[in-house]
Protein chains: 2
Amino acid sequence: MDKFDFDQFLTRVLQHPTFEQCGVELHYKKGDHLFSQGEVCRDVFCMRSGLVKFYFNTLEGKEWIKSFIVDKGVLGSRSSQLLEMASPFSALCLEDTEVVRFPYKRFEEVCFEDLELARTIFQFSQWLGLKKELREYQLLCLSAEEGYQAFVDANPTLVDRLTQIDIARYLGITPIALSRIKKRLA
Amino acid sequence: MDKFDFDQFLTRVLQHPTFEQCGVELHYKKGDHLFSQGEVCRDVFCMRSGLVKFYFNTLEGKEWIKSFIVDKGVLGSRSSQLLEMASPFSALCLEDTEVVRFPYKRFEEVCFEDLELARTIFQFSQWLGLKKELREYQLLCLSAEEGYQAFVDANPTLVDRLTQIDIARYLGITPIALSRIKKRLA
DNA sequence: CATTTTTATTAACCTAGGTTAATGCACGCT
DNA sequence: AGCGTGCATTAACCTAGGTTAATAAAAATG
């Protein structure tokens, strides 16, 4: 469960009659938003390919990146889905991205009818929990330099698909600081 | 779902025949560990009263606090439960604490038999996800001063039960820095 | 009740990272 | 091709927080 099999996950979910019926295939271009901070977005996005960043815009006009979703995955705004609240963050495509979109409520309903699917989704949410735990650890315990190294080690191919600005915003530092760190390490 | 009803949760879980049978009531004293970093702990702890901190010890000999569990809650080490890995953090009682302990595997098994319980646990894990999202936001986007204010606002009564050291370790700063922040705010 | 052991505060100094601004590159665009 | 926009680097300066250390108050501990 260290790595999660999204191919299998997507197959299982998207083959389900409910989602074959209510799922909408969408092709987003680089620069498009899946949803934006401040909106309520009750959907689930099953991502087949592409690259998406979740980011916050602060009151001081700064941007911080919550996470990247790479190639395949499942995404959405939890607080919108569960509490019908405005999403606290935006989802922006950094590359052309293909998704199937459907309402979260359907997802929840199906979960309690189809035990096999419930199990699959349970596994996904456990995996996500582990990832979030790691992120929390890195933000809390690692210096900027350690955090950068950990990010590069864990995502060797992703690094080349991102700007230094976005990597820095993910680590919680400025691009200038990241430039200095890279110089220090080289 | 903004606040989670642990009274109801604990009642439902602990009334279940499986946990009435395999659950062990334990009374920990202030200073006791529920489990320690480096050990595998496959248990779930249903907490009835007390105060527990989850903390990391880094290689440089520093301590950082992952979270506090206050009064009532459910806790354990996810990576131990799911992956049978050594826990990356320790759980220490800051006050006398009463729990019921049982193996996580049982928990998982029961979930797939008892749909009502599965629903309850699903709600809990969603609530936990929301909490972790907020924590991620605060670590990533807030300054130490903003983080302290947010912590005090969200946990007005908890603050008096913690030392300044532990609050600082939770915010990711030193107690000295927190002392300066308090002075600045007063 | 006296004695360690923790905790909180403050001061002096240090350092990593933030800020502003200038420069040179590498693109995507018409 | 030529233009503009965004990206990466570097420098100079500033600031929040880290470090060490001294002090005093408050808790545990016997």
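Labels below follow one simple rule: chain letters A, B, ... track the order of the sequence lines, proteins then strands, and each chain is numbered from 1. Bear in mind the structure is a predicted one, so any value in this text is a computation, not a measurement.
Close to dA16(D), at under 4.0 Å from its OP1 or OP2, lies no side-chain N or O of K183(B). For R184(A), no side-chain nitrogen or oxygen approaches OP1 or OP2 of dT10(D) to under 4.0 Å. For the OP1/OP2 pair of dT6(C) and a distance below 4.0 Å, the side-chain nitrogens and oxygens of Q164(B) include no atom meeting the criterion. Regarding contacts with the backbone of dT19(D), a side-chain N or O of K62(B) is found under 4.0 angstrom from either OP1 or OP2. In this structure, T174(B) reaches the dG18(D) phosphate: one of its side-chain N or O atoms is under 4.0 Å from OP1 or OP2.
Relative to the side chain of K182(A), the nucleotides dA12(C), dA12(D), dT9(D) differ in distance, and dT9(D) lies closest. Distances were taken from every side-chain heavy atom of I176(A) (C-beta onward) to each of dG18(D), dA11(D), dC7(D); the shortest belongs to dA11(D). Considering only side-chain atoms of T163(A), the nucleotide from dT19(D), dA8(D), dG17(C) that sits closest is dA8(D).
One can place CG of D166(A) at 14 Å from C1' of dA8(D), the figure rounded to the nearest angstrom. D96(B) places its CG atom 12 Å from the P atom of dA28(D), with the value rounded to the nearest Å. dC27(C) atom P lies 16 Å from atom CG of L162(A), rounded to whole Å. Atom pair E63(A):CD and dG18(C):P shows a separation of 15 Å (rounding to whole Å applied). At whole-Å resolution of the value, CG in L94(B) and P in dA28(D) are 12 Å apart. Counting to the nearest Å, the P atom of dA16(D) and the CD atom of E60(A) are 13 Å from each other. The CD-P distance, from E146(A) to dA16(C), rounds to 12 Å in whole Å. The separation between R169(A) atom CZ and dG17(C) atom P is 14 Å, rounded to whole Å.
A side-chain N or O of T120(A) and one of R12(A) form a donor-acceptor pair less than 3.5 Å apart.
Of the possible polar contacts, one joining the R135(B) side chain to the K66(B) backbone as a donor-acceptor pair under 3.5 Å is found. Under a 3.5 Å cut-off, the side chain of T11(A) and the backbone N or O of D7(A) do form a donor-acceptor pair. In this structure, D166(A) contributes its side chain and L162(A) its backbone to no donor-acceptor pair below 3.5 Å.
The structure places CG of L10(B) at 7.5 Å from CZ of R48(B), a figure rounded to the nearest 0.5 Å.
Comparing A177(B) and L178(A) by the nucleotide of DNA chain D that holds the closest heavy atom to each, the one mapping nearer the 5' end is L178(A). DNA chain C is contacted by both P175(B) and R180(B); P175(B) maps to the nucleotide lying nearer its 5′ end (nearest heavy atom per residue).
Residue contacts for G172(A): at a heavy-atom cut-off of 4.0 Å it reaches the sugar-phosphate backbone alone, with no base atom in range. Looking at heavy-atom distances under 4.0 Å, K30(A) makes no contact with the nucleic acid at all.
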